[in-house]
Amino acid sequence: MARLGRNRHHPPAQVERPLPDDVPTQIDVLKVPVHIACVMDGNGRWANQRGLPRTEGHAAGEEAIVDAVDGALALGVRYLTLFAFSTENWRRPADEVKFLMNFNENLLLRRREEFSAKGVRMEFSGRRDWRVPRKVLRRMEETEFMTAKNTTLTLTLAFNYGGRAELTDAVRQIVESGIPASKIDDRTIGRYLYHPEFPDPDLVIRTSGEQRVSNFLLWETAYSEFVFPEVLWPDFRRQHLYASVLEFQQRQRRYGGLSS
Ligand code: IPE
Ligand code: IPE
Ligand code: MG
C-alpha cells in the first residue's frame, strides 16, 4: 500500500454544469462534499415493518446503493464510502452473516460492470482476515483490479471494517516499522490507515434515525459533518443524498478555530 502523505486538501468536485435536472437548484456546485460516507442502517427494521425476514431488507438495500452512486455521480462527489459490514456484525445470527457474505459477493458480480461503465473505481476497506470467505476476498480483488483505472468516483465498501481495528492495525505497523515514538504524529497515523490516500469524509450520513458512530471511520471523521435522516436504508434514494448535501452546506465548519 502506498505510504504517501495523507492529502487533506483535495480539489473540489468537478462537474459539468449545469447539474442534472433532478439536483435541487439550491445546491452550491462549488461546495459539494468531496467525500461522503454512509452508514447504511435500517435494513432489518424495513423488513420487519413488512413482515419479511431481515435478509429481505438487506436485499432491498441494493437499489438504494445503486441510486446513491448515481446521485453521487450527478453531484460530482469524488469519494463515496458505504459501511456494508462491521467487525461487530459477526455477532449476528449465523444465517444472517452467511446471507450478508453471499449478498455482498453477488452484489459485486451483479453491479461491478455497470459501475465501471460509469467510471466508478471500486475499493474496499476493512480487515481481509480468515473470517471473510475466500471467494468474497477473490471477488474484492478482481473488482479492484477491474475498476482500478476509473477516475470519476471512488466507491469504497467498508467490509469487515471497524474503526478500532483500523487503528489497531495502524499501531501494529507503526511499531513494526521501528519509527521512534518521538517522531509519531497524527500524519504518521494517517499514513498507516487502510486508505492513506483518501481525503477525510466531509459528510457522514447515517440512515434510520440512529445517532451513533458504531465504530465507523473513527479517525477520519474527526471534523466530518453528520446528518441523520430518518429514512431506512432500503428507501434511501438520490433525493435523500441531495437533501443531506443541502443540510451539509448550511453548516459552518470551524476545525477548532473561529469562522471568518
Ligand atoms: C444495516 O441494517 C445493514 C448491516 C448492518 C449489515 P441493519 O441490519 O443494522 O438494520 P436494523 O438496524 O436492524 O434495522
Ligand atoms: C453499523 O450498523 C454497521 C453497518 C451499517 C454495516 P449496526 O446496525 O451494526 O450498528 P448498531 O449495532 O446499531 O450500533
Ligand atoms: Mg442497524
Side-chain angles (χ1 to χ4, degrees), residues 35-48 52-69 72 79-112 115 120-144 147 154-170 193-195 198 201 204-208 210 212-221 224 228 231-236:
H35 185 174
I36 299 180
C38 298
V39 181
M40 308 188 285
D41 200 14
N43 297 351
R45 277 163 282 168
W46 184 93
N48 278 343
L52 299 169
R54 292 177 53 83
T55 49
E56 291 292 318
H58 300 311
E62 180 169 341
E63 223 30 66
I65 293 175
V66 172
D67 216 63
V69 168
Y79 295 84
L80 179 67
T81 299
L82 303 177
F83 204 2
F85 192 88
S86 78
T87 45
E88 288 67 42
N89 286 147
W90 299 104
R91 293 176 186 157
R92 297 194 177 190
D95 281 358
E96 185 172 343
V97 168
K98 192 164 175 226
F99 178 91
L100 285 166
M101 293 299 133
N102 286 324
F103 171 72
N104 279 288
E105 185 202 354
N106 289 321
L107 178 94
L108 296 182
L109 286 173
R110 274 194 300 273
R111 300 291 180 177
R112 62 189 180 185
F115 286 154
V120 176
R121 172 171 71 133
M122 293 185 70
E123 294 277 347
F124 300 87
S125 196
R127 271 194 182 154
R128 299 194 188 187
D129 63 11
W130 55 272
R131 290 192 292 187
V132 182
R134 203 165 301 173
K135 56 178 188 164
V136 180
L137 293 174
R138 201 163 50 228
R139 295 293 173 227
M140 286 161 53
E141 283 164 15
E142 285 168 7
T143 305
E144 282 172 339
T147 64
T154 299
L155 170 64
T156 304
L157 295 180
F159 189 79
N160 193 23
Y161 175 85
R164 288 185 173 183
E166 181 178 33
L167 288 169
T168 304
D169 291 348
L193 300 176
Y194 294 144
H195 285 288
F198 290 1
V204 178
I205 302 168
R206 183 171 185 150
T207 56
S208 85
E210 302 292 356
R212 54 178 170 265
V213 175
S214 300
N215 204 13
F216 192 40
L217 302 175
L218 296 180
W219 180 272
E220 297 87 337
T221 55
S224 303
F228 300 103
V231 61
L232 303 175
W233 180 258
D235 292 327
F236 189 87

### Task
Please examine the side chains of T156 and Y79, heavy atoms only from C-beta on, and report whether any two atoms are closer than 4.5 Å.
no

### Query
How long is the span from the CG atom in L80 to the CD atom in E123, to the nearest 0.5 Å?
13.0 Å

### Message
What I want to check is whether the side chains of R45 and S208 have a donor and an acceptor closer together than 3.5 Å.
### Response
yes

### Task
Find out whether E141 and F124 are in side-chain contact, i.e. whether some heavy atom of one side chain is under 4.5 Å from a heavy atom of the other.
no

### Query
Heavy-atom distance under 4.5 Å between the side chains of P201 and T81, does that happen here?
no

### Considering all heavy atoms, the nearest N215-F83 contact
O-CZ, 4.3 Å

### Message
Using 0.5 Å steps for rounding, measure from the CG atom of D169 to the CG atom of L193.
### Response
10.0 Å

Which donor-acceptor pairs under 3.5 Å do the side chains of residues 130-137 make with protein atoms, sequence neighbours left out?
residue, atom, partner, partner atom, Å
K135, NZ, N102, OD1, 2.8
K135, NZ, E105, OE1, 3.4

### Task
State, with a plain yes or no, whether a side-chain heavy atom of N160 is found less than 4.5 Å away from one of R128.
no

### Summary
Taking every heavy atom of R54 against every heavy atom of A47, the minimum-distance pair comes out as CA-CB, 3.8 Å

### Query
CH2 of W46 to CG of L52: how many Å apart, nearest 0.5 Å?
6.0 Å

### Query
For the residue pair H35 and F198, does the interplanar ring angle fall in the parallel (under 30°), tilted (30 to 60°) or perpendicular (over 60°) class?
perpendicular

### Message
Would you say that V120 contacts V69 through its side chain, given a criterion of any heavy-atom pair below 4.5 Å between the two side chains?
### Response
yes

### Query
Of the non-hydrogen atoms in L232 and G42, which two are nearest, and what is the gap between them?
CB-O, 3.8 Å

### Task
Find out whether F85 and L157 are in side-chain contact, i.e. whether some heavy atom of one side chain is under 4.5 Å from a heavy atom of the other.
no

### Message
Under 4.0 Å between a side-chain nitrogen and a carboxylate oxygen: does that hold for R139 and E142?
### Response
yes

### Task
Heavy atoms only: give me the nearest E166-H195 pair and the separation to one decimal.
OE2-N, 4.5 Å

### Query
Can you find a heavy atom in the side chain of D67 that is under 4.5 Å from one in the side chain of F236?
no

### Test item: side-chain donor near acceptor, T147 and R121, under 3.5 Å
no

### Task
Provide the closest heavy-atom pair for L218 versus Y161 in the form atom of the first, atom of the second, distance.
N-OH, 4.2 Å

### Query
Which pair of non-hydrogen atoms, one from M40 and one from A84, has the smallest distance, and what is that distance?
CE-CA, 3.7 Å

### Message
For D41, is there any backbone N or O sitting under 3.5 Å from a side-chain donor or acceptor partner on T207?
### Response
yes

